[in-house]
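Beneath this line is the structure, given in structure tokens, with notes to follow.
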Amino acid sequence: MSDLTRLRPDHAPAVLAFELANRAWFAASISDRGDDFFDRFTELYEASLAEQETGKCAFYVLTDGNGAILGRFNLYNIDTHSADLGYRVAQPATGRGVATAAVRALCRLAVTEHGLRSLRAATAESNVASRTVLTKAGFVPVGPADPSHLGGQPGTWFQRDLSS
């Protein structure tokens with residue numbers, strides 16, 4: 001049984017373990033966070049929690065029954081009606097519909113908790129798994145994404161209207 005919950009201070013050790021265990025897996029399809037992220041993890045984690053308090057973003061973790069992190073699902077650039085979605089899922093949790101279910105759940109939370117009407121997400125053309133998740137979760141392609149947002153890779157913005 002998995003649970004999508006808002007990021008809290010006590011998640012820090014599990015989030016760090018998740019990021020370290022999956023670093024190479026993530027780097028194969030999305031930009032690597034770099035050594036600086038791990039060297040400054042505590043500082044950056046606390047900054048993320050502070051930013052979340054401003055309401056400009058909302059960070060969620062998907063945990064298994066033992067508290068291990070299966071994925072991170074984030075809303076960025078929250079404004080009055082929309083936000084950007086970003087997510088990453090642990091390699092052992094892939095291929096089972098975990099990401100699609102969590103993105104769908106986050107879409108519901110975007111409406112009920114954040115009052116949003118639409119979400120968008122950018123993904124690289126080469127990231128077939130992410131494109132599939134977004135499509136299954138009701139997102140549609142809306143245009144090209146700047147490669148600078150995708151580690152230099154060409155990609156596409158996807159969007160989902162949350163009012164329907």
Side-chain angles (χ1 to χ4, degrees), residues 1-23 25-27 29-91 93 98-124 127 130 133-134 137-139 142 145-146 148-151 155 157-164:
M1 176 110 185
S2 57
D3 187 33
L4 187 64
T5 58
R6 197 84 177 259
L7 188 68
R8 302 183 312 254
D10 63 312
H11 287 131
V15 169
L16 180 57
F18 164 83
E19 292 288 351
L20 286 168
N22 292 283
R23 185 176 183 183
W25 163 249
F26 296 146
S29 58
I30 57 178
S31 298
D32 181 50
R33 292 197 185 276
D35 292 337
D36 188 57
F37 173 82
F38 297 98
D39 293 343
R40 298 178 49 223
F41 178 80
T42 300
E43 173 189 346
L44 295 172
Y45 190 83
E46 290 171 358
S48 292
L49 291 171
E51 185 180 17
Q52 179 171 254
E53 287 300 313
T54 71
K56 287 291 187 185
C57 58
F59 303 116
Y60 291 85
V61 291
L62 184 68
T63 56
D64 67 12
N66 298 317
I69 306 291
L70 299 175
R72 297 183 68 184
F73 297 82
N74 305 313
L75 299 175
Y76 297 97
N77 303 321
I78 295 175
D79 66 22
T80 306
H81 304 294
S82 66
D84 295 339
L85 164 69
Y87 63 93
R88 47 182 58 209
V89 176
Q91 184 175 13
V98 169
T100 302
V103 168
R104 287 177 178 152
L106 189 55
C107 288
R108 291 189 294 277
L109 289 170
V111 173
T112 61
E113 299 295 318
H114 307 285
L116 300 177
R117 295 184 195 154
S118 68
L119 294 178
R120 69 181 198 147
T123 186
N127 193 339
S130 186
V133 165
L134 293 172
F139 286 74
V142 293
D146 188 318
S148 67
H149 293 111
L150 299 167
W157 278 106
F158 285 77
Q159 186 168 320
R160 178 172 170 185
D161 177 4
L162 301 172
S163 61
S164 53

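These figures come from a predicted structure and were not determined experimentally.
Between Ala110 and Leu75, the closest heavy-atom pair is CB-CD1, 4.3 Å. For the pair Thr100 and Ala137, the tightest heavy-atom approach, listed with the atom from each and the gap, is CG2-N, 4.3 Å. Shortest non-hydrogen contact noted between Ala14 and Gly67 is CB-O, 3.9 Å. The shortest heavy-atom contact between Asp10 and Arg8 is OD1-NE, 2.8 Å.
No donor-acceptor pair closer than 3.5 Å links the side chain of Glu51 to the backbone N or O of Cys57. Using a distance-only test at 3.5 Å, with no hydrogens or angles considered, no donor-acceptor pair links the side chain of Arg6 to the main chain of Ala58. The closest donor-acceptor contact from the side chain of Asn66 to the backbone of Ala68 lies at 3.5 Å or more, if one exists at all. Judged by distance alone, the side chain of His114 and the main-chain N or O of Val111 form no donor-acceptor pair under 3.5 Å. Side-chain atoms of Tyr87 do not come within 3.5 Å of backbone N or O of Ala102 as any donor-acceptor pair.
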(request) Before giving the answer on side-chain contact (heavy atoms from CB on, under 4.5 Å), spell out for Val142 and Phe158 the whole-Å C-alpha distance, their side-chain angles and the decisive distance to 0.1 Å. (result) CA-CA 5 Å; Val142 293; Phe158 285 77; 6.0 Å; no

(request) Apply side-chain contact (heavy atoms from CB on, under 4.5 Å) to the pair Leu70 and Thr63, showing each step before the final yes or no. (result) CA-CA 5 Å; Leu70 299 175; Thr63 56; over 6 Å; no

(message) Test side-chain contact (heavy atoms from CB on, under 4.5 Å) on Tyr60 and Thr5; report intermediate values, then the result.
(response) CA-CA 5 Å; Tyr60 291 85; Thr5 58; 5.7 Å; no

(message) Quick one, Ser148 with Asp146, criterion side-chain hydrogen bond (donor to acceptor under 3.5 Å, both in side chains). Give me CA distance, side-chain angles, the key distance, then yes/no.
(response) CA-CA 5 Å; Ser148 67; Asp146 188 318; 2.9 Å; yes

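Going from atom CG of Leu49 over to atom NE2 of His11 covers 10.0 Å, rounded to the nearest 0.5 Å. Note that OG1 of Thr42 and CG of Leu16 are 7.5 Å apart. Values are rounded to the nearest 0.5 Å. Of the inter-residue distances, the one linking Arg88 atom CZ with Ser130 atom OG reads 11.0 Å to the nearest 0.5 angstrom.
A 4.5 Å side-chain heavy-atom check between Leu4 and Phe73 finds at least one atom pair inside the cut-off. Side-chain contact between Leu116 and Ser82 is absent, with no heavy-atom pair separated by less than 4.5 Å. Side-chain contact between Arg160 and Leu162 is present, with at least one heavy-atom pair separated by less than 4.5 Å. Counting heavy atoms from C-beta outward, Phe139 and Leu119 have side chains that approach closer than 4.5 Å. With a 4.5 Å cut-off on side-chain heavy atoms, Trp157 and Asp84 count as touching. The side-chain heavy atoms of Leu62 and Ile69, taken from C-beta on, include no pair separated by under 4.5 Å. Using a 4.5 Å heavy-atom cutoff, the side chains of Leu7 and Gln52 are in contact.
We find that Glu19 and Arg72 are joined by a salt bridge, their nearest charged nitrogen and carboxylate oxygen being less than 4.0 Å apart.
Summarising the local packing, CZ of Arg117 is surrounded by 12 or fewer heavy atoms from other residues, nucleotides or ligands at distances under 6.0 Å.
Between Phe59 and Tyr76, the angle of the ring planes goes over 60°, which puts this pair in the perpendicular group of the 30/60° scheme.
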